[in-house]
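Read through the structure below, which is laid out as structure tokens, and then see the notes.
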Amino acid sequence: MSSTFNALVRFDIQARDVAVSVGGRVDVAAVDELCEVIQRSVDISGRHACVDLSSADVEDGTLLLISDRCRDIADITASVV
């Protein structure tokens with residue numbers, strides 16, 4: 001399976017927050033790329049990121065991998081089907 005995901009990064013200057021909304025399919029092969037997007041967002045904002053994967057198609061194992069890799073830089077939410 002191929003991974004096709006999109007990430008919308010929103011910076012709130014006044015609140016100094018960063019939110020990353022992810023959609024599409026995220027598989028194991030895309031974890032490095034997604035974590036890089038999250039890391040860059042954190043580097044730019046200087047803040048912890050709020051990552052929303054509820055609109056993305058992510059398998060449980062991939063979600064755990066993303067959570068493990070990004071736990072120090074992001075709060076990750078995902079919907080449970």
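Reckoned from all heavy atoms, side chains included, excluding hydrogens, waters and symmetry mates.
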In Å and rounded to the nearest 0.5 Å, what is the CG to OG distance from Leu8 to Ser21?
5.5 Å

Any side-chain heavy atom of Val20 sitting closer than 4.5 Å to one from Asp52?
no

Can you tell if the side chain of His48 reaches within under 4.5 Å of the side chain of Asp75, non-hydrogen atoms only?
yes

Test: Arg69 and Glu36 ion pair at under 4.0 Å
no

Taking side chain as C-beta onward, heavy atoms only, is Ile76 less than 4.5 Å from Leu53?
yes

With a 3.5 Å distance limit and no angle check, can you tell me whether Ser45 reaches the backbone of Ser41 through a side-chain donor-acceptor pair?
yes

Side chains of Val22 and Leu34: does their closest heavy-atom pair fall under 4.5 Å?
yes

What's the separation between atom CD1 in Ile73 and atom CZ in Arg40, rounded to the nearest 0.5 Å?
12.0 Å

Close side-chain approach of Arg10 and Val18, heavy atoms under 4.5 Å:
no

Below 4.5 Å, heavy atoms only, C-beta onward: do Asp57 and Val26 meet side chain to side chain?
no

Hydrophobic cluster membership, Ile66 vs Leu64, 4.5 Å side-chain cutoff
no

Report, as yes or no, whether the 6.0 Å neighbourhood of atom CG on Asp43 holds more than 12 heavy atoms from other residues, nucleotides or ligands.
yes

